[in-house]
Structure formats: structure tokens, C-alpha cells
Amino acid sequence: MSGHAHGGHGGHDHGVSADADKRWLSIALALLVGFMALEVTIGILASSLALITDAAHMLTDAAAIVLALVAIRLAAKPARGGYTWGFKRVEILSAQANGITLLLLAAFFVYEGLSRLISPPDVDGPLVFFTALAGCAVNLAATWCIRRANRSSLNVEGAYQHILNDLYAFIATAIAGAVIWATNWGRADAIAALVVAALMLKAGWGLVKASGRIFLEAAPEGVDPAEVGRDVAAVASVVEVHDLHIWEITSGQPAMSAHVLVTPGADCHAVRSSISSMLHDEHDIEHATLQVDHAGAEDHCGDPHGEPYSAGPAPSRGRAADGAAGCGPGHSPVQAPENGGTT
């Protein structure tokens, strides 16, 4: 007997909440684009790599927000045709593009910063200082706007990380401007640019890593598939769990599938309901596709995927104990503790 279990606790939220997100992201975009144009001009006039670096970072901020807005629109489209999940992962493409852009820009500015450490140009300290202070104010406003949006989406979080790191970059640039103003030490500008590059590397790697896990359909961070398997196997009447897979459809939307064998005569619907409730309450998994069958009814596992989990003693190879079908040679189930705890 096959079943499709949905957590049943408050329903599903299968998309990015876009009602307020579009408005707040659009306000942040307008702030950044307006100041970016001004900063490029001032950076050239002041011969400041730090300001030009900040302006380039703001360009990626603006691009991140545009990608976020496009992704929100596409993610809201209903599933149809061959796209059975709709366009949920468009936001992950956006986040990965943001991360890769940050890494590439960081590499470029590391090169430029090191060059300027060797041969520092004359930098207008006061102009750098006051422009950076204005940039801090603009980024604070933009950061506040992004915080009002739904940051549980990796897509919106990507835009937020861009702007937050740009705020830190403006603080570093303001300090460099003050140092140049007070001491005429031009290398402070290059050091500030290198600080910005380091922040870009950190944020970019985090986004690439997080989006990569979703593309590779790894289990969400903080979710241990083995623990989930043992917990499912510990549910009353469950004999064995195998072919268990846990992944994220998009950020904040975990999903799971598994084949569950129950004792002969057990109510498959009731067991599936119990598993669904446990997954929701203990592991925050609301979307679970569960195939529930009576043990021994068929040869269910000719080509098993991953470790099986058993509530009782591990069955011998081939046909399992109590009539349960085996999972092939060399594939012993992981026994779950009788009290439902972890091993």
C-alpha cells in the first residue's frame, strides 16, 4: 500500500512569500543603484580602489536583488507539464550566481589590492571618508529593507548577504579614508580593498556551498538521515525502513521519501499517519512520500539504496525474519533502539 503523507499541521508553504518581499527588495534596489552611480564617479576622482571596490560590490548587490525579484516571480508560477515542482529552484540558481560572482570579484580585488600595496597612488582621504560614511547610511537603509523580507529563502538571504557585507566594506573604507586624511598613508586604501575582498570570499563561499548542497540533493543541514531512519523504524508496528532519501526542494522546504514495512495485519494508513506526525514534530519535515507495505508481502528491495533501518533484530541475508523480504546480500538493517531513542 502506497501513500503520500503531508505533515498535516498547518498545511504547506511551498513557495517564497512574495507579498512584502517585492516591495522591500525594490526599495533596497533603488537606494543601491542611485548611490552606486555617485560612488563610481567619486572613486575615480579620488583615485580610491576601496571606493571603486565598494561600487563594484554594490553592483553585485543590485544584481542580486534583481535576480531575487525574478526568482520570486518565477517561483510563484504553478507546477505544470514536466516541471512538477514548478520553478522552486530558480532561487537556488540565483543564490549560486550571487556566490560565484562574489568569489570572482574577490579574486580580482585581491590582485588589485596587492598591486596598490606595492605601488600606492595618491588618494584623496577626506573624499573617501565622507563618501564611505554616506555609503554606510545607504547600506544601513538597504539592509533594513532586506531584513523585512523573507530571509528563510536562500534567494533573499543571498541578496541580504551581499548588502550586509557591503556595509562592512564601507566601514573599512571609512576607516581607510580617515587614516589617509590624518597620516597621508596611501596604502590604507589598498588594505581596505583587501578587507572587502575577504568579506566577499566569506559570503560567496557560504552561498555557493549552501546552494550546492541543494543541487546535489544532500540532506538539509542539521538533519541526520540515519537519526530520521531510526526514529521512523521505532514507530509502533514498523518492521523496517529502507530506500530513505531526504533532500531540499528549495531552501527551507525539506522533503523525504521512504519504503516502510509494517507487521502483517497492521493498519498501513494509521502507521503512515503516525510517521507523518513524528516527522513534522521532531524533524520539521512536512513533505514526506511514504510507501507503506506489509512485511513479507513481496520481494521489495532487489536493488536497495542506502542503509535499511529495523525496529527489531537485524534479519539474516535473503528473506528476513518474520516473513519480511530481505534487501539483498551484504545489506544488514541498522537496528533502532526499542525505546525510540538514538544509538
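This chain uses plain numbering: 1 for the first residue, then up along the sequence.
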With a 4.5 Å cut-off on side-chain heavy-atom distances among I, L, V, M, F, W and Y, is there a chain of contacts connecting [X] to [Y]?
| X | Y | value |
| --- | --- | --- |
| Ile191 | Val110 | yes |
| Val241 | Met278 | yes |
| Leu31 | Leu133 | no |

Flag yes if more than 12 heavy atoms outside [X] fall under 6.0 Å of its [atom1] atom; otherwise flag no.
| X | atom1 | result |
| --- | --- | --- |
| Asp224 | CG | yes |
| Phe215 | CZ | yes |
| Trp205 | CH2 | no |

Without swapping roles, check the side chain of [X] against the backbone of [Y] for a donor-acceptor pair under 3.5 Å.
| X | Y | value |
| --- | --- | --- |
| Ser211 | Val208 | yes |
| Asp243 | Ala258 | no |
| Arg230 | Tyr309 | no |
| Ser276 | Arg272 | no |

Closest approach of [X] to [Y] (non-hydrogen atoms, all atoms of both residues):
| X | Y | value |
| --- | --- | --- |
| Arg187 | Arg116 | CG-O, 4.5 Å |
| Ala132 | Leu51 | N-CD2, 4.4 Å |
| Ala288 | Leu279 | CB-CD1, 3.7 Å |

With rounding to the nearest 0.5 Å, note down the distance linking [atom1] in [X] to [atom2] in [Y].
| X | Y | atom1 | atom2 | result |
| --- | --- | --- | --- | --- |
| Gln253 | Ile214 | CD | CD1 | 10.0 Å |
| Ile180 | Asp189 | CD1 | CG | 5.0 Å |
| Glu227 | Ile246 | CD | CD1 | 9.5 Å |
| Leu32 | Leu59 | CG | CG | 10.5 Å |
| Thr53 | Met200 | OG1 | CE | 6.5 Å |
| Thr143 | Leu167 | OG1 | CG | 5.0 Å |

Intermediate values then yes/no, side-chain contact (heavy atoms from CB on, under 4.5 Å), Leu290 and Ile275: CA-CA 9 Å; Leu290 304 172; Ile275 294 172; 3.7 Å; yes
Less than 4.5 Å apart, side chain to side chain, heavy atoms only: is that true for [X] and [Y]?
| X | Y | value |
| --- | --- | --- |
| His245 | Met256 | no |
| Ile285 | His287 | no |
| Leu261 | His242 | yes |

Step-by-step side-chain contact (heavy atoms from CB on, under 4.5 Å) determination, Val40 to Met58: CA-CA 10 Å; Val40 170; Met58 290 190 84; over 6 Å; no
Taking the six-membered ring for Trp, are the ring centroids of Trp181 and Phe130 within less than 6.0 Å of each other? yes
